[in-house]
Amino acid sequence: MNDAESAEEPPRRRRRDPEGHRAAIIEAARHTFAERGYARTTLREIARRAGVTHGLITRHFASKERLFLAAVPGNRDLERAAAGDPKTLPDRIAHAFVQRLETDAVNDPLIILMRSAASDERAAAHLLVAMQEHSAAVYRSVLAPGVPGVPTTPDDDLDARVALVGAQMIGVAFSRYIARTEPLASMPPDQLAEHLARILRQILFG
């Protein structure tokens with residue numbers, strides 16, 4: 001091929017690969033959040049690492065909070081743990097929560113959220129709202145009124161009960177994995193999960 005033919009050849013279009021781009025974004029986000037923390041991570045930095053544009057990230061994930069929830073472990077675990085008999089939901093949630101934090105507390109979204117609150121209260125608040133919305137949707141799919149096997153409760157204010165579950169888990173996570181206060185800091189994981197399950201059952205079902 002001579003120079004004239006090369007000059008006339010149309011430029012190649014970039015290959016469209018939505019799933020590949022999404023995977024690259026999530027991978028870059030996971031590493032960036034772990035290295036820089038939630039507050040100091042920017043979508044432009046994630047885009048640079050993933051080799052995509054800032055606009056492509058917002059098209060896939062809408063916001064930094066949504067990308068964080070998709071990239072870090074924890075939220076997919078909630079969906080898996082929630083599936084099953086509604087009556088045993090508190091036990092599944094408690095044991096999965098403790099196991100998750102025992103495995104990798106440093107990179108857990110809840111721990112990152114609490115550490116971010118010290119340096120950027122507004123960012124932490126936005127992230128907490130996103131986490132609560134996601135959790136509420138998961139719990140609602142299992143505990144919606146009329147679903148067979150769901151114990152009756154004094155009211156149907158599921159959002160309030162889910163918020164209280166979240167507050168309880170934040171307290172446990174802070175005491176055991178950040179402040180490391182006793183007796184929670186040295187309590188055996190199975191025992192901690194049993195105590196937490198009992199409390200969650202009371203919150204969710206009364």
Side-chain angles (χ1 to χ4, degrees), residues 29-41 64-65 67-82 84 87-139 142-143 151 153-154 157-206:
R30 184 178 295 118
H31 288 294
T32 309
F33 283 127
E35 292 172 12
R36 300 176 60 84
Y38 178 80
R40 295 194 301 122
T41 292
K64 178 180 172 181
E65 293 86 1
L67 174 55
F68 179 82
L69 295 179
V72 299
N75 294 285
R76 295 182 299 276
D77 296 339
L78 174 60
E79 294 169 3
R80 286 193 292 265
K87 293 180 181 179
T88 57
L89 175 65
D91 302 89
R92 296 196 305 276
I93 294 297
H95 283 85
F97 177 73
V98 172
Q99 182 180 23
R100 190 184 87 207
L101 287 173
E102 290 293 308
T103 301
D104 188 15
V106 173
N107 294 316
D108 191 87
L110 191 56
I111 300 299
I112 294 174
L113 165 65
M114 289 187 283
R115 294 192 187 281
S116 296
S119 59
D120 192 334
E121 182 177 335
R122 182 178 179 182
H126 287 167
L127 180 56
L128 178 59
V129 169
M131 291 176 70
Q132 286 179 331
E133 289 175 349
H134 176 266
S135 297
V138 173
Y139 282 107
V142 180
L143 299 176
T153 57
D157 195 355
L158 180 59
D159 288 343
R161 286 181 277 138
V162 170
L164 287 169
V165 166
Q168 180 65 39
M169 290 180 162
I170 287 173
V172 170
F174 182 82
S175 296
R176 183 177 176 89
Y177 302 100
I178 296 181
R180 300 186 184 280
T181 56
E182 297 295 346
L184 295 186
S186 59
M187 184 178 292
D190 288 344
Q191 184 179 354
L192 176 63
E194 290 299 327
H195 284 304
L196 182 58
R198 186 170 62 251
I199 295 169
L200 298 188
R201 189 175 300 108
Q202 179 63 31
I203 293 173
L204 291 172
F205 301 142

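Numbers for residues simply follow the sequence, beginning at 1.
Proximity of Leu78 to Phe97: side-chain heavy atoms (C-beta onward) are nowhere separated by under 4.5 Å. Contact annotation: the side chain of Tyr139 approaches that of Leu89 to within less than 4.5 Å [non-hydrogen atoms, C-beta and beyond]. Put simply, the side chain of Phe33 does not reach to within 4.5 Å of the side chain of Arg40, judged on heavy atoms. Looking at Asp104 and Arg100, their side chains never come closer than 4.5 Å, going by heavy atoms from C-beta outward.
Partners of Thr88 under the side chain to side chain donor-acceptor pair (under 3.5 Å) rule, at least two apart in sequence or in another chain, are Arg92. Residues forming a side chain to side chain donor-acceptor pair (under 3.5 Å) with Arg198 (at least two apart in sequence, or on another chain): His195.
There is no side-chain donor-acceptor pair under 3.5 Å between Thr103 and Gln99.
Judged by distance alone, with hydrogens and angles left aside, the side-chain atoms of Arg176 form no donor-acceptor pair with the main-chain N or O of Arg180 at under 3.5 Å. Formation of a donor-acceptor pair under 3.5 Å by the Arg30 side chain with backbone atoms of Ala71 is found in this model.
Separating the CG atom in Leu192 from the OG atom in Ser175 is a distance of 10.0 Å, to the nearest 0.5 Å. With rounding to the nearest 0.5 Å, the separation of CG in Leu200 from CD1 in Ile93 is 8.0 Å.
Across Phe205 and Lys87, no two heavy atoms sit closer than the pair CE1-O, 4.0 Å.
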